[in-house]
Amino acid sequence: MSKFCYFPHTGEDIQLMLKKIGVGSMDDLYSDVPEEFLFKGEYDLPEAMSEQQVREHLETLAAANTKLKVLVGQGAYDHYTPSVIPYICSRSEFLTAYTPYQCEISQGTLRYIFEWQTMICRLTGMDYSNASMYDGPTAAAEAVRMCVACTKKRNSVIVSSSLLPNVLDTILCYAKYSGVNVVVSGDVMRDVAEGVLDLAGVVVPSINRWGIIENHDGLAGLVHKMGGLMVEYCDPSALAVLKTPAEWGADIAVGDAQSLGLPLSYGGPYVGFMACKADYMRKLPGRIVGQTTDASGKRCFVLTLQAREQHIRREKATSNICSNESLLALWCTVYLSLMGPEGLKRVNDLSYRNSHYLYRKLLATGKFEAVFEQDFLKEFVLKPLCSVEKLQQALLEAGFFAALMTEEGYVSFCVTEKHPLEELDRLVNVVESIQEEGV
């Protein structure tokens with residue numbers, strides 16, 4: 001043990017602890033492990049480094065990454081992150097206040113979770129939001145379980161096939177082990193109208209896997225008539241300019257908040273959100289932070305609803321989730337407070353204008369055909385009339401990650417406010433140069 005100088009326990013401390021639990025040596029702690037499974041050699045670890053050496057080593061590793069302009073969406077969007085966010089998130093009242101079991105020492109965490117809930121409700125039009133979820137796909141899967149819990153004795157949920165593939169896969173995984181019957185539908189309105197005997201709910205996207213803004217007129221009324229709940233999967237950034245889930249008549253709103261200023265970070269971590277109408281608040285998984293006053297009459301925050309199995313009897317719990325993505329919820333809350341309603345509208349205006357510019361320019365190259373006529377916000381797909389492999393390779397060599405191929409053989413592009421027209425013109429030039437080579 002002497003080799004590990006960073007362990008705070010002395011040899012005497014260790015012997016005292018072993019004696020207390022009735023064990024003769026550290027090796028006795030592993031007496032249940034078969035001898036043949038115990039590693040008896042020396043670990044092949046590099047020599048210890050100084051702080052400066054570690055920094056240089058990590059910088060060398062980071063330099064091996066190729067930095068590309070990301071023009072692919074599919075649930076992860078390259079939006080701008082204001083530089084002040086990491087500094088605010090590093091403040092001690094936020095960063096050092098851990099899980100808020102003891103409200104008297106967790107006011108920083110409780111405060112920003114309360115603000116997060118408030119902002120999510122304003123974006124979605126819902127009455128209540130929980131403290132956040134792991135990510136968008138798991139939030140959607142929990143919403144399916146919530147539909148079943150709210151409607152009782154109903155066990156079937158119709159899920160739109162136009163949801164993002166990772167969202168659909170996660171729903172199916174959760175449903176399989178929860179005993180929920182999921183019907184994947186290419187025409188949700190039709191399938192609801194035809195009737196599912198024990199319909200608990202439907203899940204539809206606000207913006208689908210091809211970037212199309214979906215129209216849900218009349219769906220909520222039909223679902224409610226059949227006794228089910230309507231869930232809408234949303235891009236929260238887009239809700240600044242699109243109809244909210246509440247305006248569509250939805251009962252539950254879920255999605256991934258990554259578009260609210262979270263860096264792409266090679267795929268995560270991200271943060272999910274979940275909100276609902278007041279009637280279903282007690283079936284929300286996780287927890288809800290509320291506002292109250294302390295003994296001195298000052299405004300303060302506490303946990304007001306904890307429907308987790310850690311807090312109540314397991315059979316009464318709404319879900320087995322046991323944490324949330326609180327630091328990332330803080331990040332998104334700071335982003336929303338900095339951007340405000342007008343800032344979010346500006347983000348969407350730039351994304352809409354520039355994505356439609358690229359759409360027109362790419363069609364003009366003769367390398368693509370249009371697939372859909374419906375409107376899109378920042379993401380779209382085209383049918384390629386060239387070798388997708390050569391197209392992607394040319395874009396990569398020019399510093400672009402774009403033209404992601406979908407299951408149907410389309411190629412997907414996404415343009416946010418980070419991509420000026422000059423950059424888009426450069427991408428189009430790359431496509432045109434491939435055409436000149438006879439590809």
Under the 6.0 Å and 45° cation-pi test, does Lys378 pair with Tyr77?
yes
Just list the side-chain donor-acceptor pairs under 3.5 Å for residues 175-185, sequence neighbours left out, or say none.
from   : atom 1 : to     : atom 2 : distance (Å)
Ser178 : OG     : Arg145 : NH1    : 2.9
Ser178 : OG     : Tyr174 : O      : 2.8
Asn181 : ND2    : Ser156 : OG     : 2.9
Ser185 : OG     : Asp187 : N      : 3.0
Ser185 : OG     : Asp187 : O      : 3.0
Ser185 : OG     : Val188 : N      : 3.3
Ser185 : OG     : Asp191 : OD2    : 2.5

Quickly, which of Val204, Asp256, Ile207 forms a side-chain contact (heavy atoms from CB on, under 4.5 Å) with Tyr233? Name it, please.
Asp256
Is it true that Trp210 and Phe380 have ring centroids separated by less than 6.0 Å?
no
Using a distance-only test with no angle check, is there a side-chain donor-acceptor pair under 3.5 angstrom linking Ser326 and Tyr112?
yes
With distance as the sole criterion, is a donor-acceptor pair present between the side chains of Glu408 and Thr406 under 3.5 Å?
yes
All side chain to side chain contact (heavy atoms under 4.5 Å, CB included) counterparts of Pro34, not counting sequence neighbours
Glu36, Phe37
Residues which pass side chain to side chain contact (heavy atoms under 4.5 Å, CB included) with Glu214, listed by chain and number, not counting sequence neighbours
Ser162, Pro205, Asn208, His216
Mind listing the closest non-hydrogen atom pair of [X] and [Y] along with its distance?
X: Thr244; Y: Leu239; answer: CA-CD2, 4.3 Å
X: Thr81; Y: Gly261; answer: OG1-O, 2.6 Å
X: Val347; Y: Glu417; answer: CG1-OE1, 3.5 Å
X: Cys332; Y: Trp116; answer: CB-CZ3, 3.8 Å

Counterpart residues, ring-ring contact (aromatic ring centres under 6.0 Å, His included), relative to Tyr270 (two or more places apart)
none
Which pairs pass side-chain hydrogen bond (donor to acceptor under 3.5 Å, both in side chains) with one or both residues in residues 333-350, sequence neighbours excluded?
Arg346-Asp349
Please table the atom pairs, donor to acceptor, closer than 3.5 Å between any side-chain atom in residues 218-230 and protein atoms at least two apart or in another chain.
from   : atom 1 : to     : atom 2 : distance (Å)
His224 : ND1    : Ala220 : O      : 3.2
His224 : NE2    : Asp251 : OD1    : 3.2
His224 : NE2    : Asp251 : OD2    : 2.7

Is Tyr43 atom OH crowded by more than 12 heavy atoms from other residues, nucleotides or ligands, each under 6.0 Å away?
no
